[in-house]
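Everything below concerns the one structure shown next.
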Amino acid sequence: MALTENRHWLKFWLKSAPVPSASTQGLVMSEETPDSLEAARLEKLRKIEALGLDPWGRRFDDHQAIESVRQVALPEKVEGADEPPRPRVRIAGRIVLKRGQGKVAFLQVRDWTGTIQAMIGKNQVGEGGWAIASELDLGDLIGVDGGLGLTKTGELTVFAESLTFLGKSLLPPPEKWHGLTDIEKRSRQRYVDLAHNPESLQAFLGRSKVVSAFRKVLGEKGFVEVETPTMQAIAGGAAAKPFITHHNTLDLDLFLRIAPELYLKRLLVGGMERVFEIGRVYRNEGISPKHNPEFTMLEAYQAYGDYHAMMDLTEALIVGAIEALDGVYRRPWGEDMVDFTPPWPRRTYFDLFREYAGVEPTDSEAVRIKAESLGIATAGKDPDVIVSEVFEETVEDALHGPIFVIDYPAAICPLTKRKASDPAVAERFELFVRGIELANAYTELNDPLLQEKLFQGQLAGQKAEDSMAKMDDDFVRALKHAMPPAGGLGVGIDRLCMLLLNKASIRDVILFPLMRPEQ
RNA sequence: GCCCUCCUAGCUCAAUUGGCAGAGCAGCUGACUCUUAAUCAGCGGGUUGUAGGUUCGAGUCCUACGGGGGGCACCA
């Protein structure tokens with residue numbers, strides 16, 4: 001197979017490669033649309049074809065990652081002896097920089113592991129090869145075979161012996177020093193961003209490592225990965241507005257899921273004791289640096305566990321992600337640093353409330369006065385809601401984290417099991433880092449009768465615009481078959497990646513964030 | 001949905017109070033066999049997001065629209 005493929009490799013400087021004649025070049029110039037950079041590149045493409053080469057390349061086996069080539073040990077130079085032989089290497093990548101120097105040219109070739117210099121000398125490659133090398137543009141994809149050595153200035157270099165054309169770039173790359181900075185173009189044309197801004201590529205490769213690490217940690221702890229419907233007749237498991245879609249044959253309106261929760265809990269009923277899903281959820285709400293309409297969530301459920309088990313799991317997951325990235329626990333965040341060294345503090349909601357709001361949370365009147373002083377309207381509001389708003393205003397932004405906020409007022413999390421010792425407190429935690437809510441977990445409610453009542457209460461309180469919410473009778477029926485007491489966890493993968501990769505916007509960790517169409 | 005703000009060459013950015021739209025990179029031509037964002041000489045490249053308006057004159061001021069960014073609202 002490899003030998004067959006070999007014949008298709010189109011070498012640059014076969015001795016027989018013809019040199020374009022002066023008259024051909026003159027013709028070429030006159031045909032060129034003067035104001036088009038693309039036209040100039042199309043012309044080069046035709047020249048490459050005229051030389052019998054395929055500008056779009058073929059399979060290119062056995063090339064080495066540039067990063068690994070950079071690790072190759074060079075033979076020692078011995079005094080008085082000839083130059084030591086150069087180790088042979090084969091690389092493939094994109095030309096990101098080009099420096100002509102008369103009858104020699106230096107290229108910087110980049111793949112997804114790194115960048116290395118290649119040198120092409122006219123005397124080394126012959127007239128035919130040199131003619132083609134002259135047509136190389138920034139952005140073209142090439143394979144380089146050659147010897148690895150140092151230049152006079154000590155730069156590690158592949159001294160080209162043959163090149164393989166692997167792809168012609170018809171559009172010019174962004175500015176070589178600044179790269180592509182326009183945030184809109186970087187998102188819309190992510191291919192350009194990835195190809196020419198190495199730090200962007202690294203961020204997305206980092207995101208992939210985070211997700212892989214999650215799967216590894218969960219697997220080691222005995223969780224199984226499942227996939228549940230993203231198109232649902234009843235979009236439950238969270239309080240968010242769904243997207244609507246339609247199945248033609250069934251003539252059925254469906255919702256894109258706002259959470260996988262209710263399906264994963266059905267699996268707990270079915271005896272899948274540790275399940276997780278990493279998947280997209282869709283919420284038809286505003287867009288911000290922390291919100292994209294579709295985002296990726298981990299949800300994990302552990303039968304016979306509780307929210308404390310989920311806290312341990314959360315810590316293990318994020319530690320696993322950091323180890324997969326680089327093992328550095330003190331991480332930059334803007335101008336700031338975040339220290340992820342575990343264990344992270346676990347503080348109760350009321351404790352933090354007392355500390356940051358300076359008010360006793362159970363003293364409704366004191367809380368109301370504090371709220372008014374913060375400019376929060378209190379008229380007609382439930383005292384628990386006011387507590388929650390004061391908490392958000394005074395505590396959340398002040399939490400540098402990582403910190404687990406635990407034991408929430410039961411009134412603001414109705415679908416959570418209450419503490420046996422104190423029915424006013426729900427067994428819930430949220431993990432905060434720099435004001436960002438990274439994870440949310442509960443000891444899950446498994447009482448079908450209470451669940452049904454809460455559904456009804458939720459529906460009664462529904463606004464007209466949210467009227468697509470429906471009672472999920474099947475979920476209640478599932479609980480009636482007995483769901484084991486369980487801990488449940490949700491982690492926003494995108495937000496975690498923002499924190500770990502030091503990106504200010506969720507759009508910097510989502511390959512193709514939602515945008516209005518061009519034009 | 002509301003408020004603020006940005007949009008100039010392929011890319012990165014200038015343009016004084018409203019007064020002839022510029023530079024660097026990239027491109028093209030030429031020189032150069034060890035460069036490092038190579039350098040040097042020369043050349044080309046624009047419906048200033050779109051449409052109106054004010055003005056002798058608009059990249060600049062006004063209005064609407066489109067797109068982006070930030071904020072508010074929304075968001076267990």
Side-chain angles (χ1 to χ4, degrees), chain A residues 25-26 28-29 32-41 43-44 96-108 115-125 130 134 137-139 149-157 159 169-189 192-193 196-197 236-242 258-259 261 281 283-293 295 384-385 388 392 408-416 426 428 430 437 440-442 454 458 461 463 465-466 490 492 504-505 507 513 515-519:
Chain A
Q25 284 184 333
V28 158
M29 295 323 296
E32 195 175 301
T33 311
D35 60 343
S36 168
L37 298 171
E38 185 174 355
R41 284 165 175 257
E43 207 44 63
K44 290 186 183 178
V96 293
L97 226 48
K98 198 179 64 168
R99 294 181 287 275
Q101 172 74 39
K103 297 184 185 63
V104 69
F106 296 91
L107 307 177
Q108 294 285 343
T115 307
I116 197 167
Q117 176 170 273
M119 192 181 94
I120 307 170
K122 186 177 181 182
N123 293 346
Q124 287 74 44
V125 301
W130 187 249
S134 319
D137 281 317
L138 294 183
L150 299 178
T151 61
K152 284 177 187 170
T153 52
E155 175 84 13
L156 187 67
T157 299
F159 293 87
S169 171
L170 294 177
L171 294 173
E175 213 265 354
K176 68 181 178 185
W177 186 244
H178 301 93
L180 190 65
T181 61
D182 182 276
I183 186 75
E184 180 179 355
K185 282 203 179 92
R186 289 182 53 196
S187 299
R188 285 191 196 281
Q189 303 182 32
V192 179
D193 181 40
H196 295 282
N197 293 342
K241 288 181 200 118
I258 56 177
E261 174 160 345
V281 298
R283 297 188 180 178
N284 207 338
E285 284 154 5
I287 296 175
S288 85
K290 290 179 201 168
H291 300 80
N292 194 61
F295 61 99
D384 294 312
V385 171
S388 167
E392 282 170 27
Y408 280 64
I412 59 172
C413 21
L415 300 192
T416 308
R428 172 193 186 186
E430 290 190 283
E437 178 200 332
N440 191 6
Y442 308 89
L454 291 168
Q458 204 176 22
K463 288 180 221 150
E465 59 185 12
D466 299 327
S505 169
R507 282 172 232 111
M515 298 192 109
R516 289 188 157 95
E518 285 184 85
Q519 289 167 350

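Values below: every heavy atom of this structure, side chains too, minus hydrogens, waters and symmetry copies. Reminder, nothing fancy here: chain letters follow the sequence lines and each chain counts from 1.
- Across all strands, R428(A) comes closer than 4.0 Å only to sugar-phosphate atoms, never to a base (heavy-atom distances).
- Residue G121(A) is classed as having no contact, given no heavy-atom separation below 4.0 Å to the nucleic acid.
- Side-chain atoms of E285(A) lie closest to C75(B) of the nucleotides C13(B), C28(B), C75(B).
- Considering only residues two or more places apart in sequence or on other chains, E430(A) meets the salt bridge (Lys or Arg N to Asp or Glu O under 4.0 Å) condition with R428(A).
- Listed by chain and residue number, H178(A) satisfy the side chain to side chain donor-acceptor pair (under 3.5 Å) test with E175(A) (two or more places apart in sequence, or in another chain).
- Within 4.0 Å (heavy atoms only), K290(A) reaches no atom of the nucleic acid at all.
- Across all strands, E38(A) comes closer than 4.0 Å to no nucleic acid atom at all (heavy-atom distances).
- G68(B) atom C1' lies 14 Å from atom CD of Q189(A), rounded to whole Å.
- Nearest to the side chain of L138(A), among C25(B), U33(B), A26(B), sits A26(B).
- At a threshold of 4.0 angstrom between heavy atoms, the contacts of E184(A) are confined to the sugar-phosphate backbone, with no base atom among them.
- U35(B) atom P lies 14 Å from atom CG of L150(A), rounded to whole Å.
- In this structure, Q189(A) has no side chain to side chain donor-acceptor pair (under 3.5 Å) partners at least two apart in sequence or on a different chain.
- Contact annotation for M119(A): base contact, defined as any heavy-atom pair under 4.0 Å involving a base atom.
- Using a 4.0 Å heavy-atom distance criterion, L171(A) is classed as making no nucleic acid contact.
- D384(A) pairs by the salt bridge (Lys or Arg N to Asp or Glu O under 4.0 Å) definition with nothing, not counting sequence neighbours.
- Between A26(B), U33(B), G27(B), one nucleotide has an atom nearer to the side chain of Q101(A) than all others, and that is U33(B).
- Among the heavy atoms of the strands lying under 4.0 Å from G100(A) is at least one base atom, whether or not backbone atoms are also near.
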>> Let's test your reading of the pairing rules: Watson-Crick or G-U wobble, both distances under 3.5 Å, then write RNA chain B as a dot-bracket string with ( ), [ ], | and dots.
In response: (((((((..((((.....[..)))).(((((.......))))).....(((((..]....))))))))))))....
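- Following rounding to the nearest Å, I183(A) (CD1) and G67(B) (C1') show an atom-to-atom distance of 14 Å.
- Residues passing the side chain to side chain donor-acceptor pair (under 3.5 Å) test with H291(A) are S288(A), R495(A), sequence neighbours excluded.
- Here the separation of C25(B) from C62(B), taken at their C1' atoms, is 36 Å to the nearest Å.
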